[in-house]
A.B. asks: 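So that we are looking at the same thing, I have put the structure below in C-alpha cells.
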Amino acid sequence: MSVETQKETLGFQTEVKQLLHLMIHSLYSNKEIFLRELISNASDAADKLRFEALAKPELLEGGADLRIRVSFDKDAKTVTLDDNGIGMNREEVIAHLGTIAKSGTADFMKNLTGDQKKDSHLIGQFGVGFYSAFIVADKVDVYSRRAGTAASEGVHWSSKGEGEFDIAGVEKAERGTRIVLHLKSGEEEFADGWRLRNVIKKYSDHIALPIELPKEAQGEEQPAEVEWETINRASALWTRPRTEIKDEEYQEFYKHVAHDYENPLSWSHNKVEGKLEYSSLLYVPARAPFDLYQREAPRGLKLYVQRVFIMDQADQFLPLYLRFIKGVVDSNDLSLNVSREILQSGPVIDSMKSALTKRVLDMLEKLAKNEPEQYKGFWKNFGQVLKEGPAEDFANKEKIATLLRFASTSDESGEQSVGLADYLARVKEGQDKIYFLTGESYAQVRNSPHLEVFRKKGIEVLLLTDRIDEWLMSYLSDFDGKGFVDVARGDLDLGKLDSEEDKKAQEEVSKAKEGLVERLKAALGDEVAEVRVSHRLTDSPAILAIGEQDLGLQMRQILEASGQKVPESKPIFEFNPAHPLIEKLDGEPDEERFGELSHILFDQAALAAGDSLKDPAAYVRRLNKLLVELSA
Ligand code: ADP
C-alpha cells in the first residue's frame, strides 16, 4: 500500500453513533446479514456505474465486466469484499460513511427504547446497510476510488466503529470499493470459504451481479494465481419465470430493493407483453417505514430499462397513496437516457402507472380475501395512507373503497376490521344506505347519542375516528349503489327502515311540539341554526346535528390547526320529546328558568358530540345553580 496523504480524523454524526451502538447490541442474533448488506451496496454501485457509463462509456475503462469478489484470510482474520462499481471520492466517502442523510433520522433515533428486542424491530424499518459491518468486525477499512478519477485519487476510510473514523488519500489501481472487515474475536467463522458461500447463496443468490469466491484448491497444489468462481445465479430475478422463483428468493430480493430488514407481506410479479413491454415486481412491506408521513421521504420504484438500472425512487409509476409499495419496474419501451423530467408524463408512463396501480390494488384485494389476518396488519400500518386514495384516484375509487376497513357498532373490539362488503352483507331489510359517524376517538363515538335509534333498530353504523375520515367521506358518495349517510348530519331520514306508522307518529309528535320548538328557538337564539323534534333519540334528551352542507368537527379542527379561517356554522338542536327532562322543560312556566335549562341541554349535547364549549364557566354556573335548587 502506498503512502497515505491528507490524513484526518473525523467524528461520526450523532445518529450514526447511535445506529452503530444499536446495531452491535441488537442484531447479534442474525450476524451473517452483514454480508447481504454489503453485497447489496456493491450491486447498487455496479448498477450506478452501468447507468453513468451510458452517457460516459469511458467510465468503464479498465474492465466492463462488473462483479464483486469476496475473499478471506484465516490467519489475518479478515473478510474482504471487492467491487469494481462506481466507487466513491473523498467527499462521498465522508458523506456516505459518516452520516445518515435520511430526513427524520434524529426523530427516529429518539424513539429507540433501549429495549433490544423492540429496537431491533425499529431498526428493521430503518434498514441497516453499511454500518452492519460492525456487527462482526471491530475494525473496518474501506478503500475506494470513483470511476473516472485517477489512481492517485483513491480514499482510505478506517474506523473501529466507536465514534470516529480516519480518512486519507491513497493510491488505488482499480476503480470501485474494497471493504476489509477485521473480524471480532469470536467471529472468525466468517473467514471461511464454505461459510461465506452458504451465506451468499442464502441471501444474495438473486443479485444480478456475479459474486465470486476464490476457487478452493484441490489437493496440496496451490495455483499461482487465484481463480475466481461465480457462486450466485447472477441474473436479474424479475426476468426469470415466476414458477422457477422460490418464495425465499422473492423475500431476499425484497430486502435488497427495499433496504428492509424484514420479509414483505406480499408481492406481485408480472411480465406485460403487447403494446407496451415491461416487467414489474411489486412488494407490500410488512411494516411502515419510519418516514412514511414525511413529505420528502424517498418513495417509488427502482426503474430499469432493458435490464439497465436507471434510477432509484422513480415515483412516477404509482400514485402517492400507494407510496409504501416497493419494487422494480423494467421497461423495454423507455429510452436508456430517460430522465426524471421525461418521466413526469407521457402516454407510456401514464399507461404503466394505471396498470401498476391496478396491480397493487388487486394484490391488496387478494391479500384481504385470502389472508385476512395479514391484511389486518397491513391496514394498521398503511390504512391511513390508503385512505388518501379516493381523493387522489377518482378512477379507482370503488376498488379502493373495498379495501377500506372501519370500526363499527357491530364489533365491540373497536378495531378497524369491518369492510364495506361486510357491512352490506349485514344490512337490514329495506336499508338502502350505509350509515357512519365520525368523531375524535372510538371511546367518544361508541356512546354517542346519535347512535341511539340505530341501536334500537339493530342497524350497523361505521365509526370513523381517524383524523382524515371526514375528509375521506367527502369523496365517497356511495358504494355498490348504496349512499353513505353521516348520522350526525342533517335531518336523518331512515327511509324504509321507518314504517308508515312510525312516520305518521313522528309527524304528529312534531306538530304537537311546535310550541316547544318556538320557545327553544327564542331561548337559544343565535346559538342554533334550527330547533326541531328528534326521532333519533331514545335515551338522551337532546343532540346537536350538523347542517347538511356544514363542515364537521374534524374538518374544522384540521382547518384551524393549519391556520385557515373556518367558515361559521351553527348546529341544529334536536330534542327528544319523550325524555322526562324535556317534558319538564315543556311544562316550565318561568321563562328565565326555561332559558337556563335549555342552555344546559344545549351545552351537554355539544359535550356529547366531542365539541368544546364556547363558555364553559357559564355552563358550570348554570348547572350548579340547578343542583343547589334540587338539593334545597
Ligand atoms: P443505503 O445503502 O441504504 O443508502 P448504506 O449505509 O448501506 O445505506 O450506504 C450508504 C451509502 O454509501 C450508499 O447509499 C452509497 O452511496 C455508499 N456506498 C456504500 N457501499 C458502497 C459501495 N460498495 N460502492 C459505492 N458506494 C457505496
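In each ligand, atom 1 is the first atom listed, and ligand 1 is the first ligand listed.
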A.B. asks: Please identify each residue that fulfils side chain to side chain contact (heavy atoms under 4.5 Å, CB included) with S185, with sequence neighbours left out.
C.D. replies: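 Expected list: E188.
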
A.B. asks: Show me the short polar-atom pairs for ligand 1: any N or O of it lying under 3.5 Å from a protein N or O, with distances only.
C.D. replies:
from, atom 1, to, atom 2, distance (Å)
ligand 1, 2 (O), N41, OD1, 3.0
ligand 1, 3 (O), H259, ND1, 3.1
ligand 1, 6 (O), F130, N, 3.3
ligand 1, 7 (O), N41, OD1, 3.2
ligand 1, 7 (O), N41, ND2, 2.8
ligand 1, 7 (O), F130, N, 2.7
ligand 1, 16 (O), H96, NE2, 3.4
ligand 1, 23 (N), D83, OD2, 2.9
ligand 1, 24 (N), T177, OG1, 3.2

A.B. asks: In terms of side-chain heavy atoms, does Y203 have a donor or acceptor partner in E32 at a distance below 3.5 Å?
C.D. replies: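 Yes, a side-chain donor-acceptor pair sits under 3.5 Å.
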
A.B. asks: Establish, from distance only, whether the side-chain atoms of H156 and D166 form a donor-acceptor pair under 3.5 Å.
C.D. replies: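 Result is no, nothing qualifies.
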
A.B. asks: Has S159 got a side-chain atom pairing as donor or acceptor with E164's backbone, closer than 3.5 angstrom?
C.D. replies: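 Side chain of S159 to backbone of E164, a donor-acceptor pair under 3.5 Å: yes, one is there.
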
A.B. asks: Let me have the donor-acceptor pairs involving side chains of residues 306-320, under 3.5 Å, with sequence neighbours excluded, atom names and distances please.
C.D. replies:
from, atom 1, to, atom 2, distance (Å)
R307, NH1, D330, OD2, 3.0

A.B. asks: Tell me, please, which residues at least two apart from S335 pass side chain to side chain contact (heavy atoms under 4.5 Å, CB included).
C.D. replies: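 So S335 forms a side chain to side chain contact (heavy atoms under 4.5 Å, CB included) with N337.
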
